[in-house]
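Indexing begins at 1, ligand by ligand and atom by atom, following the structure's order. Note that the coordinates shown come from a computational prediction; the quantities given were computed from them, not determined experimentally.
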Amino acid sequence: MNERDMMLTAILKCRPVDLIAEPPALTRRQEAAFNRMQARRLSGEPLQYILRSCDFMGVELTVDPRVLIPRPETEILVEKALERAKTLAARKELRILDLGTGSGNIAIAMAKYLPNCSVTAVDIDPRALSLARRNAAANGVDSSISFCQEDMTVFLSRAAEEEKQYDIIVSNPPYIAAPQLPHLPIEVRFEPQAALDGGMDGLKFYRGIIARAHRLIRPGGYLLLEIGDGQVKDIERIFVSYEQYHQLNFTKDYAGTDRVVCAQVKGKLKNG
Ligand code: GLN
């Protein structure tokens with residue numbers, strides 16, 4: 001379906017096939033709404049914000065400028081996390097932590113496709129969290145997810161002191177180097193800066209997460225992260241400086257770029 005038809009189905013609240021069967025007749029109000037949508041799109045605003053909707057792994061999410069628009073590459077991260085989760089399935093209830101949840105896409109997809117899990121979803125932005133909560137409820141998984149408003153590294157430090165333990169920690173952290181932010185395509189500039197800004201070299205959150213996450217992951221559990229273009233060597237270097245991790249493994253995206261890293265925390269896997 002092209003963008004025009006997507007706008008029309010949203011306005012007419014009809015199915016794509018209805019547009020083919022009969023050329024759409026718009027009321028004046030609907031026509032005005034369609035023109036407003038087209039003007040927003042021409043100004044560079046992403047279609048998903050205009051339609052307030054996005055599909056992520058078959059999960060329908062409401063999105064608006066409070067949150068990053070989930071990307072298809074992030075589905076690879078979730079697929080890998082689900083694969084790892086299955087290797088740990090003998091455990092009674094898998095505990096999963098999603099850092100920087102944004103729209104809640106990762107947490108919600110994990111909860112939906114892993115029936116025996118409980119997910120903690122963290123985000124620094126209360127406005128993003130309120131949308132993530134709403135998305136979780138709309139997808140019927142709110143009872144499996146608890147939301148926490150906190151900076152992710154502060155959360156990790158506090159949770160380690162409280163001796164919290166997870167089977168899998170997953171994150172798509174902000175990873176754009178700050179000096180590149182002004183040069184991003186116009187569409188990306190509609191998205192929240194805080195969801196993109198990875199500090200001077202784009203690696204700030206990786207350092208913070210990798211340094212702390214191993215204390216919170218049960219022996220044999222996993223840390224999975226989405227990574228930015230060209231960051232693979234730097235990420236590898238950060239991981240190998242912590243002897244707690246092993247089995248470092250990278251997965252490429254559809255364009256052949258290393259996009260996801262998975263590391264296992266050493267130690268013997270225990271059930272229960
Ligand atoms: N977890 C969300 C996503 O993967 C948001 C990530 C972010 O804000 N950096 O799309």
Side-chain angles (χ1 to χ4, degrees), residues 46-49 52-82 96-113 119-136 139 141 145-153 155-156 166 168-178 180-181 184 187-199 201-210 213 223-229 231 235 251 253-254 257 259-262:
L47 183 67
Q48 293 92 333
Y49 285 162
R52 292 179 52 81
S53 164
C54 168
D55 175 88
F56 183 79
M57 300 186 85
V59 172
E60 200 185 320
L61 300 165
T62 298
V63 289
D64 65 26
R66 287 176 282 181
V67 297
L68 195 82
I69 298 166
R71 305 293 200 267
E73 296 87 87
T74 308
E75 296 185 351
I76 303 171
L77 173 69
V78 175
E79 272 163 22
K80 288 286 144 194
L82 289 171
I96 293 164
L97 174 63
D98 171 26
L99 299 169
T101 199
S103 62
N105 56 331
I106 297 174
I108 294 167
M110 296 291 292
K112 179 169 168 185
Y113 297 117
V119 185
T120 302
V122 180
D123 205 285
I124 194 168
D125 185 346
R127 295 168 321 142
L129 272 185
S130 73
L131 188 51
R133 272 200 188 93
R134 186 172 135 188
N135 279 326
N139 282 285
V141 291
I145 306 178
S146 57
F147 292 93
C148 176
Q149 191 246 314
E150 198 158 43
D151 171 85
M152 63 172 86
T153 43
F155 176 92
L156 288 171
Y166 300 93
I168 291 180
I169 299 182
V170 63
S171 181
N172 173 25
Y175 56 62
I176 309 290
Q180 283 174 21
L181 288 172
L184 293 174
E187 293 199 348
V188 183
R189 280 185 254 155
F190 282 82
E191 298 188 274
Q193 291 269 309
L196 299 164
D197 186 349
D201 61 0
L203 300 169
K204 178 172 105 179
F205 290 97
Y206 297 107
R207 292 194 190 89
I209 294 171
I210 296 167
L223 172 60
L224 293 108
L225 304 168
E226 181 168 326
I227 64 172
D229 290 8
Q231 291 178 332
I235 302 279
T251 307
D253 63 16
Y254 317 110
T257 306
R259 187 60 66 202
V260 170
V261 60
C262 175

Practice task
Describe, in one word, how the ring planes of Tyr206 and Tyr175 are oriented to each other, choosing from parallel (under 30°), tilted (30 to 60°) and perpendicular (over 60°).
Solution key: parallel

Under a 3.5 Å threshold, I'd like every N/O contact between ligand 1 and protein atoms, with atom names and distance.
unit_1, atom_1, unit_2, atom_2, d
ligand 1, 1 (N), Gly100, O, 3.0
ligand 1, 1 (N), Thr101, O, 3.2
ligand 1, 1 (N), Asn105, OD1, 3.3
ligand 1, 4 (O), Asn105, ND2, 3.4
ligand 1, 4 (O), Asn172, ND2, 2.9
ligand 1, 9 (N), Asn172, O, 3.0
ligand 1, 9 (N), Ala195, O, 3.0
ligand 1, 10 (O), Asn105, ND2, 3.2

Problem - Salt-bridge contact Arg207-Asp201 (side-chain N to carboxylate O under 4.0 Å) - result: yes

Problem - Rounded distance (nearest 0.5 Å) linking atom CG of Asn135 with atom OG1 of Thr62 - result: 5.0 Å

Exercise for the section: Give, for atom CZ of Arg133 and atom CG of Asp123, the distance between the pair rounded to the nearest 0.5 Å. Expected result: 10.5 Å

Handout entry: Asp98: side-chain hydrogen bond (donor to acceptor under 3.5 Å, both in side chains) partners, not counting sequence neighbours
Key = Thr101

Exercise for the section: Can you measure from CG (Asp55) to CD (Glu75) and round to the nearest 0.5 angstrom? Expected result: 7.0 Å

